[in-house]
**Student:** 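To start, I am sharing the structure in question, which I have written as structure tokens.
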Amino acid sequence: MAQGFSAADHEMMARALRLAELGLQSTTPNPRVGCVIVNNGQIVGEGWHLRAGGEHAEVHALCAAAERARGATVYVTLEPCSHHGRTPPCTDALLAAGVRRVVAAMPDPNPLVAGQGLAGLRAAGVLAEEGLLATEARELNIGFVARMTRARPWLRMKVAASLDGKTALRNGASQWLTGADARQDGHRWRARACAMLTGIGTVRHDNPQLNVRGLEGLRSDSRQPLKVVVDSRLELPLDARLLRGGAVLVVAAIGDVARIAALRQVGAEVLLLPGPDGQVDLLALLTELARRGINEVHAEAGFRLSGSLLGAGLVDELLLYLAPCLVGDAARGMFDLPALESLAGKRRLLIRDLRLVGPDLRLLARLA
């Protein structure tokens, strides 16, 4: 139990975090936030942020509580905002409602807030505390925190492989190594992302739609992730399935005027980000995605782009689905990485979660 917080405090903040999760797929580019208001031991109002431009969690909860908010304790998963954005400051609303105490799970990493919300409440005589279930709150908004603190999204790389670490046969065939349960679970991870990232090789071999499907009731098709294709030489076929719906960003290293015009004609945006090696500058790409408000990037790419992202130190997390099968040494591996001369150069992982999804093993790991 966090020092200074009661069992009741923990219970209410845990409830606020569950409410925040209801916005898991819809709040981008904003953080996921939940709020619970308690007066005399009773919940009198609660709410969560659903989408950018809509009311914040605190406002929803205050509307539900009405006059019962006076003298109440407010549990919120992120420090209340103190600046005018698309909506007025939540600190003003809390003060106007006459709340007595505000408990925030964590400070807002947004430089426009960054402690000012809690400081303003304290200056007005409200007991404002922070740090309750902070780790859980940070995990819920890991992409938002990454974008605000390092100007780069959180990059989660999904790989489906055989138990001997192969993602495709030598001829490129890869559908389907894993089962239906694992594929549906992968779509849930896609649904929480702001952008899907792949390379031209994957488009050629698999012709993916690169969208979220089969999750009726979990998300609205009105917010599909942005589709991002790393295509250094502008080789994307104009009849590729990913071009049939949703926003598409093609990132290239050459300025072929005719190809750019053709891609724009079918609805794609083309961005030129050449690196010194003649390939797309991957760091510049992620920096640009952060500038556009992208919090989480879900990468599903071939072993070359996956290796390049890993080699550049741009991968934060690996989402691995391992099928209970063996396909042999001649098949393609997970990552195109340079050979090591010593095991001292091995890349260490921190395993965060390990479970069965249908017959397949799902492993969630972070780069140490």
**Student:** Might you work through the side-chain contact (heavy atoms from CB on, under 4.5 Å) test for V103 and V74, ending with a clear yes or no?
**Tutor:** CA-CA 6 Å; V103 181; V74 177; over 6 Å; no

**Student:** Less than 4.0 Å between a side-chain N and a carboxylate O, is that true for R366 and D316?
**Tutor:**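 The answer is no: the pair does not qualify as a salt bridge.
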
**Student:** Which heavy-atom pair separates D164 from G328 by the least distance, and what is that distance?
**Tutor:**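 Looks like OD2-N, 3.0 Å.
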
**Student:** Assess whether atom CG of N40 is packed by more than 12 heavy atoms of other residues, nucleotides or ligands within 6.0 Å.
**Tutor:**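 At most 12 heavy atoms, drawn from other residues, nucleotides or ligands, come within 6.0 Å of this atom.
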
**Student:** Show your reasoning for whether side-chain contact (heavy atoms from CB on, under 4.5 Å) applies to W48 and E55.
**Tutor:** CA-CA 9 Å; W48 65 92; E55 300 292 357; over 6 Å; no

**Student:** Distance under 6.0 Å and angle within 45° of the ring axis: does R183 meet both against W176?
**Tutor:**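 Yes - R183 lies over the ring of W176, closer than 6.0 Å to its centre and within 45° of its axis.
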
**Student:** Check whether the side chains of N39 and R68 place a donor and an acceptor atom closer than 3.5 Å, and report yes or no.
**Tutor:**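 No, R68 and N39 have no side-chain donor paired with an acceptor closer than 3.5 Å.
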
**Student:** Before giving the answer on side-chain contact (heavy atoms from CB on, under 4.5 Å), spell out for V250 and I260 the whole-Å C-alpha distance, their side-chain angles and the decisive distance to 0.1 Å.
**Tutor:** CA-CA 9 Å; V250 179; I260 291 173; over 6 Å; no

**Student:** Which of these, E296, E21, E136, sits in a salt bridge (Lys or Arg N to Asp or Glu O under 4.0 Å) with R32?
**Tutor:**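 Per the salt bridge (Lys or Arg N to Asp or Glu O under 4.0 Å) rule, the option paired with R32 is E296, out of E296, E21, E136.
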
**Student:** Does one side chain, of S6 or D9, offer a donor that lies under 3.5 Å from an acceptor on the other?
**Tutor:**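 Note: S6 and D9 side chains meet the donor-acceptor criterion.
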
**Student:** Once rounded to the nearest 0.5 Å, what's the spacing between atom CD of E58 and atom SG of C35?
**Tutor:**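 Nearest 0.5 Å value for the CD-SG distance: 5.5 Å.
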
**Student:** Would you check if there is a donor-acceptor pair between the side chains of S232 and Q279 at a distance under 3.5 Å?
**Tutor:**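 The answer is yes; a qualifying pair exists.
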
